[in-house]
Amino acid sequence: MPETLTASVIHALPPEEHADADLEPALESLAADRYILVCRKGGTPTRIQRLLAFLRRDPIEAITVVADDAVPEDDEFTTQVTATELAGVYVVTDDGRAHFEGEYDASSGQSVRDEGASVLV
C-alpha cells in the first residue's frame, strides 16, 4: 500500500555505479536501471530536533529509496512510496512526484538552488 514519505537524500547512487558498490543481491536486482537513494527518513531535522533525538537516544532512521530519476544529495523530497520485502527499502510508485527545493542539473550531477522546483521520481 503506497504511503507518503518525506526524506533528505544523504547519498544518491546512479545505475552506472551499482557494480562498484557492495549491494545485497536482492537490492541490486530491485534497483536494476534505477537510482538508489540513501535517505534520512522524515527530512532534515532542525538543531533542536537533533538535540532532542540525542538526549532521548532516538536515532535518526536511515532508509533506502529506489527511484527512476535522481534527486540531488542534501535535498529533501516528498513522494509516494511502497515498502518492499527488504527492511528499510522503499520503491517510488509510478505516479509519485518528488518535490524538493532546487533544480537538478543531470549533466553535472549538481543541485541548482531555486525555490519551488520539482522533479519526477
Side-chain angles (χ1 to χ4, degrees):
M1 180 170 162
E3 63 181 277
T4 301
L5 175 78
T6 298
S8 176
V9 179
I10 298 169
H11 182 69
L13 187 67
E16 57 271 7
E17 294 181 13
H18 288 187
D20 299 335
D22 185 26
L23 300 175
E24 291 183 27
L27 178 59
E28 192 170 6
S29 66
L30 180 67
D33 294 332
R34 296 185 280 179
Y35 288 85
I36 298 174
L37 308 173
V38 179
C39 304
R40 178 182 294 129
K41 190 173 186 178
T44 306
T46 65
R47 290 183 185 195
I48 293 173
Q49 289 171 326
R50 287 182 190 182
L51 178 62
L52 289 174
F54 175 76
L55 294 174
R56 293 179 184 154
R57 299 180 187 260
D58 184 20
I60 296 170
E61 186 178 352
I63 59 169
T64 302
V65 178
V66 178
D68 292 331
D69 294 318
V71 175
E73 291 180 7
D74 298 325
D75 278 340
E76 192 171 291
F77 67 94
T78 301
T79 191
Q80 292 287 323
V81 296
T82 303
T84 66
E85 67 277 354
L86 299 170
V89 179
Y90 298 86
V91 176
V92 174
T93 58
D94 290 340
D95 60 346
R97 187 168 180 84
H99 299 279
F100 69 96
E101 298 298 321
E103 187 174 313
Y104 185 67
D105 180 9
S107 62
S108 69
Q110 298 295 318
S111 174
V112 179
R113 302 279 178 192
D114 277 343
E115 293 293 321
S118 63
V119 73
L120 183 61
V121 174

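When every heavy atom of A83 is checked against every heavy atom of Y90, the shortest pair comes out as CA-CD2, 3.7 Å. Closest approach of E76 and G43 over heavy atoms only: OE1-CA, 3.3 Å. When all heavy atoms of D69 and Y35 are compared, the pair lying nearest together is C-CD1, 3.5 Å.
Just one of V38, L5, L37 meets the side-chain contact (heavy atoms from CB on, under 4.5 Å) condition when paired with I63; it is L5.
Listed by chain and residue number, R40, Q49, R50, I60 satisfy the side chain to side chain contact (heavy atoms under 4.5 Å, CB included) test with P45 (two or more places apart in sequence, or in another chain).
Other residues sharing the hydrophobic cluster of I48, ordered by chain and number and joined by side-chain separations under 4.5 Å: L52. Within the hydrophobic cluster formed by Ile, Leu, Val, Met, Phe, Trp and Tyr side chains joined at under 4.5 Å, directly or through other members, L51 is accompanied by F54, L55.
Other residues, nucleotides and ligands contribute more than 12 heavy atoms inside 6.0 Å of the CG atom of D58.
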Which pairs of donor and acceptor atoms, one on a side chain in residues 23-30, lie under 3.5 Å apart (sequence neighbours left out)?
{"residue": "S29", "atom": "OG", "partner": "P25", "partner atom": "O", "Å": "3.3"}
{"residue": "S29", "atom": "OG", "partner": "A26", "partner atom": "O", "Å": "3.0"}

Name every donor-acceptor pair, under 3.5 Å, that has one atom in a side chain of residues 6-17 and the other anywhere in the protein, sequence neighbours excluded.
{"residue": "T6", "atom": "OG1", "partner": "T78", "partner atom": "OG1", "Å": "3.1"}
{"residue": "S8", "atom": "OG", "partner": "T44", "partner atom": "OG1", "Å": "3.0"}
{"residue": "H11", "atom": "ND1", "partner": "E73", "partner atom": "OE2", "Å": "3.0"}

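In this structure, the side chains of V92 and R34 stay at 4.5 Å or more apart for every pair of heavy atoms. T79 is not listed as a side-chain neighbour of V71, based on a closest heavy-atom distance of 4.5 Å or more.
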